2 protein chains.
Amino acid sequence: MSKKAPSIRRRRESLSRDRIIQAAIELLDSGGEDGLTFRALAERLATGPGAIYWHMADKSDLVTGACDTLIARTVQDCVGATPEATIRVLALGMFDAMSAHPWLGAALASPAGQLPIVRILEPLGQQVCALGIPEDTRWAAVSALVSYILGVGGQNAANGQLARTRGLDRSEFLDAVATMWSQLNAREYPFTRSLAVRLRTHDDRLDFLTGIDLILRGIESTRGS
Amino acid sequence: MSKKAPSIRRRRESLSRDRIIQAAIELLDSGGEDGLTFRALAERLATGPGAIYWHMADKSDLVTGACDTLIARTVQDCVGATPEATIRVLALGMFDAMSAHPWLGAALASPAGQLPIVRILEPLGQQVCALGIPEDTRWAAVSALVSYILGVGGQNAANGQLARTRGLDRSEFLDAVATMWSQLNAREYPFTRSLAVRLRTHDDRLDFLTGIDLILRGIESTRGS
DNA sequence: ACCTGAACACCGTTCAAGT
DNA sequence: ACCTGAACACCGTTCAAGT
């Protein structure tokens, strides 16, 4: 995008880690986890599978790079008026990123995602410190936030992948799950059945935020002790 | 194990869904997620890959069955003196199951895990109801608990898989992570660096329980509102 | 230094053929 | 009804060979 070389044919730019990772993200976005293949990636980059191995160690390196790029983008410039507000913004940013890239939740839960997770662990930890939480409960607070965010993300990813496999859109899928739940044995599964109704109308994003607020309240209640 | 046919050679019991799932669990336990293969499974059951397809729909069916069997075992007979105590027992049971079967966390976060998750959703939901939480915040409460449990499980699974790949035992692995964290840029990653020390000595199970208690306190603080 | 593409050792899944 | 095992269409990864 620089203006230095105005009308050079940019079709044959040489391969680079960044270009490869960008192409990997596009493949993941359009085809899910199974869509990322060395052969498909090579084709998209107009080269052979072997060329990619010159720049990337292996498939795990590819996934780590994709996660890292997206999380870095999500986390930058997240600020709110208070520590609580910033935590909410960070959490919502992750939620939205995982919604926009349904493979992200699963990838972060894989070994390849462990390094990128540090990028979200750090700012959350800083905000928890800013909340004035005593040192011995800081880890529990941050761990609860991170695990909750990743847990919700993983669930969304799994549901999205399930829906895609069956060729359903979001509301069709929710309807299918709701129907399945409402057919569960009434004596064994009263609670899950009672959720079935709620499922069709609920707002994922709002529910997610409610969960964050719940954890924040739990965190703040430890401040005095 | 019945006594009906005392000395029949039990080597050639015919295939069944249960026997296949049991073998699948053993394979997953010993070889991780990559260890479960139709060919390896067939060999262990002294048959061909095709035979398994007579009893199971596909690999996803295999994984769902394995998760379902383990969760059902974990959840049964979980009772405590109070709803809070029961929730703790349920959560710890899941934590221990995911520690004993390191592939379980990842499997539950995959599409194949969505059905088995209902088995843990239900008793948690029932206990949250028993806590007297108003209906409109029940879902947030249960969702926070389930997501947290699955999130922690997923992280443990990812770490375990990473450690296994590099042939490290638990303390060697923690040491490696702690070292990596302590080498992060001091200005960008002060919080993560401060965790590095703690990491070598912390108790996963205890930290997990602290997180559960944190969420429980958050839940209880909504009871009045 | 960087790329090519055939080849290797695997997968999940299918299916004609057997009993 | 249940099982066999060869065959198909893929994978990730390697590596001699090119430029």
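Keep in mind that what you see is a predicted model, and the values were worked out from it rather than measured. Below, chain A is the first sequence line, B the second, and so on; all start at residue 1.
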Atom [atom1] of [X] and atom [atom2] of [N]: how far apart are they, to the nearest Å?
X	N	atom1	atom2	value
B/Tyr53	D/dC2	OH	P	19 Å
B/Asp34	D/dC11	CG	P	17 Å
B/Arg17	D/dC2	CZ	P	14 Å
B/Asp61	C/dG12	CG	C1'	14 Å
A/Arg19	C/dC3	CZ	P	10 Å
A/His55	C/dC2	NE2	P	7 Å
A/Asp58	D/dT14	CG	P	8 Å
B/Ile20	D/dC2	CD1	P	12 Å

Lys/Arg N to Asp/Glu carboxylate O, B/Arg170 vs B/Asp204, below 4.0 Å:
yes

Whether A/Asp34 and A/Arg164 form a salt bridge (side-chain N of Lys/Arg under 4.0 Å from carboxylate O of Asp/Glu) is what I want to check.
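Salt bridge between A/Arg164 and A/Asp34, a charged N being under 4.0 Å from a carboxylate O: no.
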
Map B/Ser60 and A/Gly48 onto DNA chain C by nearest heavy atom, then report which one ends up closer to the 5' terminus.
A/Gly48

So CG of B/Leu36 and NZ of B/Lys59: to nearest 0.5 Å the spacing works out to 5.0 Å

Over all strands shown, is A/Leu41 touching base, sugar-phosphate only, or nothing at heavy-atom distances under 4.0 angstrom?
nothing

For the residue pair A/Phe208 and A/Tyr148, categorise the inter-ring angle as parallel (less than 30°), tilted (30 to 60°) or perpendicular (more than 60°).
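The rings of A/Phe208 and A/Tyr148 lie parallel, inter-plane angle below 30°.
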
Taking a pair as Watson-Crick or G-U wobble with both distances under 3.5 Å, which nucleotide is matched to [N]?
N	value
D/dC3	none
D/dA17	none
C/dC8	D/dG12

Distance test, side-chain N/O of B/Trp54 to OP1/OP2 of D/dC3, below 4.0 Å
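B/Trp54 to D/dC3 OP1/OP2: no side-chain N or O under 4.0 Å.
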
Return the 5'-most residue of the pair B/Arg39, B/Ser16 with respect to DNA chain D, ranking by each residue's nearest nucleotide.
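Closer to the 5' end of DNA chain D: B/Ser16.
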
Using modelled atom types only, decide if a donor and an acceptor are shared between the side chain of B/Glu122 and the backbone of A/Thr192 within a distance under 3.5 Å.
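Judged by distance alone, yes, a pair lies under 3.5 Å.
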
Considering only side-chain heavy atoms of B/Pro49, which listed nucleotide, D/dG5, C/dG5, C/dC3, is closest?
D/dG5

B/Lys59 has a side chain; which of D/dC3, C/dC3, C/dT13 sits nearest to it?
C/dT13

